Structure formats: structure tokens, C-alpha cells
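Written out below as C-alpha cells is the structure these notes cover.
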Amino acid sequence: MRILGIDPGTNATGYGVVERDGARMRHVAHGVIKTARAQSMALRLAQIHAGVVELIALHLPDHVAIEQIFVAASGRSALVLGQARGVALAAIGAARLPFDELAPQQIKLAVTGTGAAEKVQVQAMVRRLLALDALPVRDAADALAAAICCAQMQGSLMGGAATATRAQANAAPPSEARLLWEASASRPRRRTRAAQFVLRGAR
């Protein structure tokens, strides 16, 4: 399964692509969609949308993970961030891709083991988990962390589904052939004439 992680922002939207095959996780790509502050907000949002569309076409993800808005700063900051997130979601929706919206604390917990991890800790753990040559920049590291968190969630769901399938198979009613076999096995076997003759001769 290939997962695209997105950390939306009007100045820099981080992205990261990972691929999960069973218990193995492989880094595919990461980077940042940068916009110019001098441009109008409309042009910056259009650039983010076009960038996400291009990423989807290039990497063909099976699933997308996007970080939720962390409302700790001003309401204006949350509003602006919501616009960047909105155009990213529009690109995801146009591609008809399934996606997960993940809280920052949830992502940090999945990657570092604590929901209160600092940015540098996330960067270090992402580098370690994906065996990267260097620390990814913060926005890309956050996006990769979102993809890793989503990959872990999808792996758990797949494992749970496999367990449920096995349980259903074990709990399924026996087939008609099985019932017939059990019925025949439970009947007392009748000896053939030859077998009765041999047994009488052996007495």
C-alpha cells in the first residue's frame, strides 16, 4: 500500500510518500510545495492545489493522510491554514482517494511514542524509521510522520480483518460434505461376509 502524507500550510505544504508491504515500510519521496508570500492568497492556494494534483498523478497513492488543524495559535492563523487544507482535500476528493484526517498528537504518538514530542524529535524518528540519509525539513517530516501513522493504522486494520476472516471461517457452519462424512464416521461399521468369516475362523 502506498500512502501520501500531507502537512498543509499556505507558505509551505509538506508531503511525504511511503510504501508499506506487510511489516516493512519504505520511503518513496518527500518534499515541500512552497508559495511566495508576495503572491495573492488565491494564487498561493491554486499553487498548492496544483501541487497536490501533480503528486497524486506522479506517485499514484492508494491512500492519503492529512494533518488536522491544530488550533493553538490565533483564529486567523487557523482560518488561513484551513484554506490550504481545503484545497488539498479538494485535490484528494477529485482523485476519489480514501483519506484519513489525523490529529498532530496522534501522529506524534505513533512516530515517537509521545503526543507531546517536539518537531526535532519527529524529524529524528522519521529519519530513523525510514533509514533516510539526512533529516527531512520540518514540513516534510510532519507529512512523512502522517503517512507512517496512517500506514500503521492500515496495517492494524488489515491484521484485524485477517483475524476476523479466520475467526469467521472457523465459526462457519460445516459444509454438506463435512456433515455427510461425520454422519458416516459415527455409524457402527457393518462387517462384510468375508470379514465375518475371517473373524470366526480366528476364534
Side-chain angles (χ1 to χ4, degrees), residues 1-9 12-33 48-70 84-85 87-170:
M1 172 178 279
R2 180 167 287 194
I3 298 172
L4 168 63
I6 298 175
D7 178 37
T13 291
Y15 68 87
V17 185
V18 301
E19 199 162 61
R20 176 168 186 147
D21 182 10
R24 297 175 59 187
M25 199 174 305
R26 183 177 68 87
H27 168 262
V28 177
H30 70 272
V32 177
I33 302 169
I48 294 167
H49 181 273
V52 175
V53 168
E54 184 177 350
L55 287 171
I56 291 172
L58 178 63
H59 295 292
L60 302 174
D62 302 298
H63 205 97
V64 181
I66 186 166
E67 188 170 328
Q68 291 179 349
I69 297 174
F70 178 58
R85 188 169 173 274
V87 295
L89 284 171
I92 296 165
R96 300 293 191 270
L97 286 171
F99 67 95
D100 285 316
E101 299 176 84
L102 306 175
Q105 294 86 351
Q106 181 182 4
I107 295 171
K108 291 177 181 179
L109 180 63
V111 174
T112 68
T114 172
E118 299 292 335
K119 290 278 189 180
V120 66
Q121 291 176 281
V122 174
Q123 288 175 282
M125 284 305 299
V126 165
R127 179 186 181 185
R128 180 177 176 183
L129 290 171
L130 297 176
L132 301 177
D133 293 333
L135 283 178
V137 296
R138 290 186 175 186
D139 297 302
D142 287 346
L144 284 170
I148 291 170
C149 178
C150 182
Q152 292 175 352
M153 290 169 54
Q154 293 299 317
S156 298
L157 288 173
M158 291 170 65
T163 301
T165 301
R166 288 193 296 270
Q168 289 173 2
N170 293 334

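Values in this document were obtained by computation on a predicted structure and should not be read as measured data.
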For Glu19, which residues count as a side-chain contact (heavy atoms from CB on, under 4.5 Å) partner, sequence neighbours excluded?
Arg2, Arg26, Val28
Which atom of Ala29 lies closest to which atom of Leu144, heavy atoms considered:
O-CD2, 3.9 Å
With sequence neighbours excluded, tell me which residues meet salt bridge (Lys or Arg N to Asp or Glu O under 4.0 Å) with Glu118.
none
Tell me every residue that passes side-chain contact (heavy atoms from CB on, under 4.5 Å) with Ala143, counting only those two or more places apart in sequence or in another chain.
Asp7
Are more than 12 heavy atoms from other residues, nucleotides or ligands located less than 6.0 Å from atom CD of Glu101?
yes
Got a sec, which residues hit salt bridge (Lys or Arg N to Asp or Glu O under 4.0 Å) with Asp142, two or more places apart in sequence or on another chain?
Lys119
Residues at least two apart in sequence or cross-chain that pass side-chain contact (heavy atoms from CB on, under 4.5 Å) with Val32, listed by chain then number, are Ala12, Lys34, Val137, Asp139, Ala140
Nearest non-hydrogen partners of Gly9 and Ile48, listed with the distance
O-CD1, 3.4 Å
As a quick check of understanding, evaluate side-chain contact (heavy atoms from CB on, under 4.5 Å) for Leu4 and His59, giving each step before the final call.
CA-CA 8 Å; Leu4 168 63; His59 295 292; 5.8 Å; no
Nearest heavy-atom neighbours spanning Lys108 and Ala117:
NZ-O, 3.2 Å
Which residues satisfy the side-chain hydrogen bond (donor to acceptor under 3.5 Å, both in side chains) test with His27, sequence neighbours excluded?
His30
Donor-acceptor contact present, side-chain Arg85 to main-chain Val87, <3.5 Å
no
What do the steps show when you test Val122 against Ile107 for side-chain contact (heavy atoms from CB on, under 4.5 Å), and what is the final call?
CA-CA 9 Å; Val122 174; Ile107 295 171; 5.9 Å; no
